[in-house]
Every structure is written in C-alpha cells, then in structure tokens.
Amino acid sequence: MGMLEGKTAIVTGAARGIGAAIATRLANEGADIALCDLQADWLSETAEAVKAAGRKVVCYSVDVSDAEGVNEVVGAVVGEFGGVDVLVNNAGITRDGLMMRMSEEDWDAVLNVNLKGTFLFTRAVSRPMMKKRTGAIVNIASIIGLIGNAGQCNYAASKAGVIALTKSTAKELASRNIRVNAVAPGFIQSKMTDALSEDIRDQMMGNIPMKRFGTPEDVADVVMFLAGDSAGYMTGQVLTVSGGMVM
C-alpha cells in the first residue's frame, strides 16, 4: 500500500519536467491526481503515466494567475474527489533579462504566475483542507530565490516571495494540521539544460559539488517526502535539492 493511498493531490504545471515527475511519483504512492496546466491537452502524457499507476486522473486547463479560474478548478476537484489532501504549486515561468532593461510586462508576467499563482491556489485549497483538518502543501521555489542570479531579478523575487509565503501560510495553517513546505531545486536536467553549450554546462557543473545536474525525479522524491506522513512534524521548511550547490 502506497504512502498516499486514498488521498487526492493537485499538481500545477504538470505537463512536463518537474511537474510531470511529481504527479507520477505521487500517483505511484497511491494518490488520485488532478493535473493542471495552461492547456489541458498538454497533459495527456502525464495523465497516461498516472493511469498506468492505476490511479484516477482528471485534467484541468487553468491560468494559475486567474483567481476565478483557480477557485473553479479547486471547487471541481472537491466535487470530483470529495476533498484535497495535497497541493503542489509547481507552475512557473521565466522571462530573463537584465534589470535595467526589463519591461514591466516581463516583471508582471513572472510575478503573476510564480507568486500570485501560488497564493491563489493555496488560498483556494485552504478552506477544504481546514474542513478536513489535514493537508500538505508543497511549493516549488528555487535556489535562485535564496541566492539571486544576474538576469533573473523577476524570477528571483518571485521565488523568494514563494519562500516567504510558505513560511507565513505555514504559521497560519499549522493549528489545523495543514503543513506548508517548499522545495528549492538547483540546476535540473531539462530540454533547456540539454541545449546549453559544453562550455556553459562545464561552468555550471563547476558550482555543483556532486558534479551532476539534478533530475526531475530527484525533486519529485523530496516533494513526495514532504507530502506524506513521514514529514508529519515538518512545516515552514525549505529543502534545497541542488547537489550541494547551496548549503
């Protein structure tokens, strides 16, 4: 029997990469999954992986920065599954550029998806979780939110905001047995890292004591731990998954 048997999880940004790995990992531990992404048809591959684990899956098209859409999705999940036990706020975007040349549009887009989206989904699930007096929320932050990065002031600010939001909501929800934690990934293997030149890859690798990029599964395993009862006395924490890059 899996550690999340009989539970329901919402995963945002679940179409590919880290989000897809998280959804699959939670399903393998017995959770039914509500997959969310901007386009529901992007989710077919992840949905197949959840079905292969023998779990129920429903796909929702939602812009995480749209309050009405978020509330509708959470309402639909509660109607379909009878409640929400786990929320993973993974949806995120980048619009990189130096601060002095960054447009307001690029600033707003990143803050709206990464930070406001996390707030909106957290707010929406808090009521059904409080009713059940149990729940686990895991926010995907980034080491960039801890150390900053030139050319990513909008992304860094959004992820630092996610960390602060995690700690504040953890304090607010702890008395109702709802735990809120964050995972801060480092360099994770993706199509983006695969496309980098060898020089840049070597340079990045030089900053990683473990001398390898992380995988989406490395992140998913830590999310699974925080979502499950093994982390039952942990809240307001930020776990870095960076191969030692941030200590």
Side-chain angles (χ1 to χ4, degrees), residues 9-14 17-19 21-22 26 36 64-65 67 70 86-96 99 102 106-126 129 135-188 190 207-208 214 216 218-228 230-247:
I10 296 174
V11 182
T12 71
I18 290 172
I22 290 167
L26 300 183
C36 299
V64 298
S65 67
V70 169
V86 176
L87 166 67
V88 182
N89 282 306
N90 169 72
I93 61 168
T94 55
R95 293 282 187 277
D96 296 349
M99 183 273 295
M102 184 173 288
D106 282 351
W107 172 271
D108 289 344
V110 170
L111 270 289
N112 279 340
V113 172
N114 299 7
L115 183 54
K116 186 182 178 185
T118 299
F119 157 68
L120 289 175
F121 257 101
T122 300
R123 186 180 68 176
V125 302
S126 61
M129 284 185 175
I137 298 170
V138 184
N139 298 325
I140 305 302
S142 168
I143 60 165
I144 304 305
L146 294 166
I147 62 174
N149 198 26
Q152 288 195 304
C153 70
N154 50 359
Y155 185 75
S158 73
K159 294 301 189 177
V162 165
I163 289 167
L165 177 68
T166 299
K167 291 172 184 282
S168 297
T169 50
K171 288 184 175 179
E172 289 186 20
L173 299 173
S175 65
R176 299 300 180 96
N177 196 35
I178 300 163
R179 300 178 299 102
V180 190
N181 292 289
V183 176
F187 288 122
I188 303 301
S190 65
N207 295 321
I208 304 171
D218 288 325
V219 180
D221 285 342
V222 178
V223 171
M224 175 57 228
F225 165 66
L226 291 173
S230 302
Y233 198 50
M234 286 179 70
T235 197
Q237 301 307 301
V238 183
L239 299 186
T240 61
V241 183
S242 69
M245 192 179 166
V246 173
M247 296 189 187

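The distance from the OG atom of Ser168 to the CD1 atom of Ile163 is 12.0 Å, given to the nearest 0.5 Å. Of the inter-residue distances, the one linking Met224 atom CE with Ser230 atom OG reads 7.0 Å to the nearest 0.5 angstrom. In this structure, OG1 on Thr12 lies 11.0 Å from CG on Leu120, to the nearest 0.5 angstrom. The CE atom of Met245 sits 6.0 Å away from atom CD1 of Ile208, with the distance rounded to the nearest 0.5 Å. Rounding to the nearest 0.5 angstrom, the gap separating the OG1 atom in Thr122 from the CG atom in Asn89 is 4.5 Å.
Checked by atom type and distance alone, the side chain of Thr235 pairs as donor or acceptor with a backbone atom of Val180 at under 3.5 Å. Between the side chain of Arg179 and the backbone N or O of Leu226 there is at least one donor-acceptor pair closer than 3.5 Å. Judged purely by atom type and a 3.5 angstrom limit, Asn154 uses its side chain to pair as donor or acceptor with the backbone of Asp106.
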Practice item. Please lay out, stage by stage, how Ser65 and Asn112 fare under the test side-chain hydrogen bond (donor to acceptor under 3.5 Å, both in side chains). Key: CA-CA 6 Å; Ser65 67; Asn112 279 340; 5.4 Å; no
Practice item. Using the side chain to side chain contact (heavy atoms under 4.5 Å, CB included) rule, take Ile188 and Ile18 through it: C-alpha gap first, then chi angles, then the decisive distance, then the call. Key: CA-CA 9 Å; Ile188 303 301; Ile18 290 172; 4.1 Å; yes
Practice item. Report the C-alpha separation of Tyr155 and Asn149 in whole Å, then their side-chain angles, then the decisive distance to 0.1 Å, and conclude whether the side chain to side chain contact (heavy atoms under 4.5 Å, CB included) test is met. Key: CA-CA 9 Å; Tyr155 185 75; Asn149 198 26; over 6 Å; no
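Across Ala67 and Arg123, no two heavy atoms sit closer than the pair CB-NH2, 4.1 Å. Considering all non-hydrogen atoms of both residues, Pro216 and Ala21 come closest at CB-CB, 3.6 Å. Considering every non-hydrogen atom in both Ala136 and Ala227, the closest pair reads CB-O, 3.7 Å. Annotation for Gly92 and Asn114: closest pair CA-OD1, 3.2 Å, computed over non-hydrogen atoms. What you find for Ala141 and Pro185 is that their closest heavy atoms are O-CD, 3.4 Å. Residues Ile10 and Cys36 share a closest heavy-atom pair of CG2-SG, 3.9 Å.
The side-chain heavy atoms of Met129 and Leu173, taken from C-beta on, include no pair separated by under 4.5 Å. Two residues are said to be in side-chain contact when any heavy atoms from C-beta on lie closer than 4.5 Å; Phe121 and Val64 meet this criterion. The side-chain heavy atoms of Val88 and Leu26, taken from C-beta on, include a pair separated by under 4.5 Å. Inter-residue side-chain proximity for Ile144 and Lys159 is flagged as unmet; no heavy-atom pair is nearer than 4.5 Å. No side-chain heavy atom of Thr166 sits less than 4.5 Å from a side-chain heavy atom of Val238. A 4.5 Å side-chain heavy-atom check between Ile140 and Ile22 finds at least one atom pair inside the cut-off. With a 4.5 Å cut-off on side-chain heavy atoms, Leu239 and Asn181 do not count as touching. Taking 4.5 Å as the limit, every side-chain heavy atom of Thr94 sits out of range of all side-chain heavy atoms of Val110.
When only modelled atom types and interatomic distance are considered, Thr118 and Asn139 share no side-chain donor-acceptor pair under 3.5 Å.
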